[in-house]
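Working notes for the structure below.
Quick caveat, the model's predicted, so the values are computed rather than measured.
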Amino acid sequence: MRRIFLGILLPFTLAFIPTRLLAQELQPPSDLNQNPNLQAKEDSFYTTTSQLLQQQIYLIGLLEEAFTSPDANKIRSARGKLIIQTTQIEGFLKRQYPNSQKLCSSQGNFSDLSSIPVQLNESTVQIYCSLYASSQELWKLRPVIDQLLSRRGEITLVRDLPLVSGERQLDPVLPIAPLQRPHLGKPAIPLANREPDLTAPPLRIIGKTQKTAIANYVPPMQPAITAPIDALNHLQAANQFLQIAQAAFPHQRKAVAAFNSLTDHSNSSEQKISANFLKLPNTGMVQVLPDLAYRRQPNTVQNRLQANINGYPFPLGVETKGSFIPSLPLQVVGENFQLVPENADYGFMVDVGDLPLEKLDGKLQTISKSTRDFFLNYQPPRQLESLQVDKRRFLTGKDQEWNQSQIILTGAKAQLNRTYLVRSLQFQLPEIILNRQPISRRNSRLKEQLAQVPSSDTIVAFRAVSRHQDGSYTILWRVLNQLPAPQIEDLEKYVQY
């Protein structure tokens with residue numbers, strides 16, 4: 001659904017463009033013979049309707065988000081904004097013409113030119129009727145919102161809203177105790193909020209049964225929420241009416257061009273600076289998010305259908321066999337860049353200083369000899385147990401028996417204008433190993449899968465070019481070398497027959 005609204009976001013996103021600028025772009029051409037008072041009324045009409053259209057766009061996005069959120073406060077906030085917005089549009093339309101239903105059809109069109117009032121013209125009536133039809137479509141969502149609010153009350157606590165200023169209300173059970181009022185900008189409190197804070201899950205060891213932090217603990221099942229089809233249809237219809245209103249604005253192409261020049265993310269300063277670098281093969285630019293973005297906080301409710309963030313880990317786009325694609329499992333953990341590989345995957349990282357990515361090559365000639373030798377000569381074990389031992393050594397920094405003058409870890413302190421060298425080893429282990437699924441000894445096809453596990457061994461360099469308010473970093477990355485794919489020779493030992 002989110003893609004539906006992109007078509008009209010550009011010319012009316014007043015949150016990013018000053019109102020005066022867009023109002024100037026939407027003004028009709030001046031006419032020396034035109035009545036100055038009528039011209040002023042038209043200017044005021046275009047400015048006000050452009051603001052109302054922007055508010056409609058914002059309301060549609062808010063409703064779309066509320067329909068799939070388990071948070072009751074979002075539903076209540078969207079419901080209140082719907083009432084306020086509808087009342088505001090209705091009042092404005094009545095000031096222009098007292099009978100909107102008579103002037104406009106249910107499809108947002110006017111019947112004939114003779115019905116246009118004197119103070120309006122064909123363009124303004126089209127905007128008038130489209131705005132009216134869009135508002136009517138959203139107003140049909142009231143019973144749907146009420147129904148969804150009752151369902152959200154089964155998940156989170158729905159508290160009484162504050163009363164009108166000057167009114168007072170006592171708690172019916174404890175009159176002395178003050179009533180707690182909700183803040184609709186904050187998530188509602190879950191009804192079941194006794195979940196333990198298990199921030200760091202234990203490292204998984206393949207082939208062994210592991211103890212859990214709490215014996216026999218099963219985390220709560222998060223709700224699966226989808227938006228009602230009827231509600232989505234109303235949102236889509238309201239959006240289509242807004243598109244019709246957009247087309248009716250005079251000079252709307254010029255307004256779109258003015259907006260694009262201010263908000264075109266493809267011409268951001270970061271990409272302009274890095275344009276020449278991104279023309280090189282096996283390069284890219286991504287935003288590395290904090291680890292909190294990928295896991296649910298305890299005692300909070302999350303729609304499990306929207307639990308995953310798309311784009312992680314970051315695919316490197318190098319050539320491999322089959323459907324296996326090497327990636328960069330990078331996150332910001334605390335103040336560090338950290339590799340967070342899963343299953344048997346692992347890797348290590350070193351900060352090599354303020355070194356431009358263009359000066360690095362597959363032989364790592366510009367890197368210190370000790371670091372270069374280790375990155376190029378490290379040989380991963382061929383046994384699954386030994387491989388997982390090495391993984392723990394890089395995670396903890398303990399028992400590193402290789403001849404190195406420094407401890408090699410899976411992370412390094414995150415700093416701007418620093419370059420980091422990563423070697424990442426990845427294995428696409430079959431499900432019979434990961435889930436310990438039993439098979440028959442005569443199943444030759446599955447045994448062939450154990451002998452042909454897709455894998456990769458990649459040396460990647462990345463550089464932090466900017467830091468954002470949420471703690472994330474924008475990085476440039478470059479694949480420097482693809483080493484021979486590592487092999488695990490004893491996977492059959494971990495098969496359950």
Do [X] and [Y] have side chains that approach each other closer than 4.5 Å (heavy atoms only, starting at C-beta)?
X: Leu138; Y: Ile60; value: yes
X: Arg418; Y: Tyr420; value: yes
X: Gln101; Y: Tyr132; value: yes
X: Asn481; Y: Val460; value: no
X: Trp139; Y: His234; value: no
X: Val144; Y: Leu148; value: yes
X: Gln126; Y: Glu122; value: no
X: Arg423; Y: Tyr346; value: no

Output yes when a side-chain donor or acceptor of [X] lies under 3.5 Å from a complementary backbone atom of [Y], and no otherwise.
X: Asn282; Y: Val479; answer: no
X: Ser77; Y: Asn73; answer: no
X: Ser69; Y: Glu65; answer: no
X: Asn299; Y: Arg194; answer: yes
X: Arg478; Y: Leu357; answer: yes
X: Arg76; Y: Gly80; answer: no

Handout entry: Worked verdict on Thr49 versus Tyr128 for side-chain hydrogen bond (donor to acceptor under 3.5 Å, both in side chains)
Key = CA-CA 8 Å; Thr49 52; Tyr128 178 102; over 6 Å; no
More than 12 heavy atoms of other groups within 6.0 Å of [X] [atom1]:
X: Glu154; atom1: CD; result: yes
X: Leu409; atom1: CG; result: yes
X: Glu358; atom1: CD; result: yes
X: Arg79; atom1: CZ; result: no
X: Arg151; atom1: CZ; result: no
X: Phe92; atom1: CZ; result: yes

Fill in the blank from the handout: Correct closest heavy-atom pair for Arg152 and Phe67 would be NH2-O, 2.8 Å
Handout entry: Contact summary for Thr283 and Leu280, nearest pair of heavy atoms
Key =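 So the two residues come closest at OG1-O, 2.8 Å.
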Practice task
Working to the nearest 0.5 Å, report the span between CD1 of Ile127 and CG of Leu131.
Solution key: 9.0 Å
Handout entry: Interatomic spacing from CG in Leu52 to OG in Ser134 - rounded to 0.5 Å
Key =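 Here the interatomic distance stands at 10.5 Å.
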Short side-chain donor-acceptor distance under 3.5 Å, [Y] and [X]:
X: Gln85; Y: Ser135; value: no
X: Gln287; Y: Thr474; value: no
X: Gln482; Y: Thr458; value: no
X: Asp470; Y: Ser472; value: yes
X: Arg463; Y: Thr419; value: yes

Exercise for the section: Flag the pair Asp146 and Arg142 as a salt bridge only when some basic side-chain nitrogen lies within less than 4.0 angstrom of an acidic carboxylate oxygen. Expected result: no
Exercise for the section: Evaluate salt bridge (Lys or Arg N to Asp or Glu O under 4.0 Å) for Arg95 paired with Glu90, printing each intermediate quantity in order. Expected result: CA-CA 9 Å; Arg95 289 193 297 270; Glu90 182 180 355; over 6 Å; no
Problem - Phe249 and Tyr46 aromatic ring geometry - parallel, tilted or perpendicular at 30°/60° bounds - result: tilted
Side-chain donor-acceptor distances from residues 326-336 under 3.5 Å, at least two apart:
unit_1	atom_1	unit_2	atom_2	d
Ser327	OG	Gln426	NE2	3.2
Gln331	NE2	Tyr312	OH	2.9

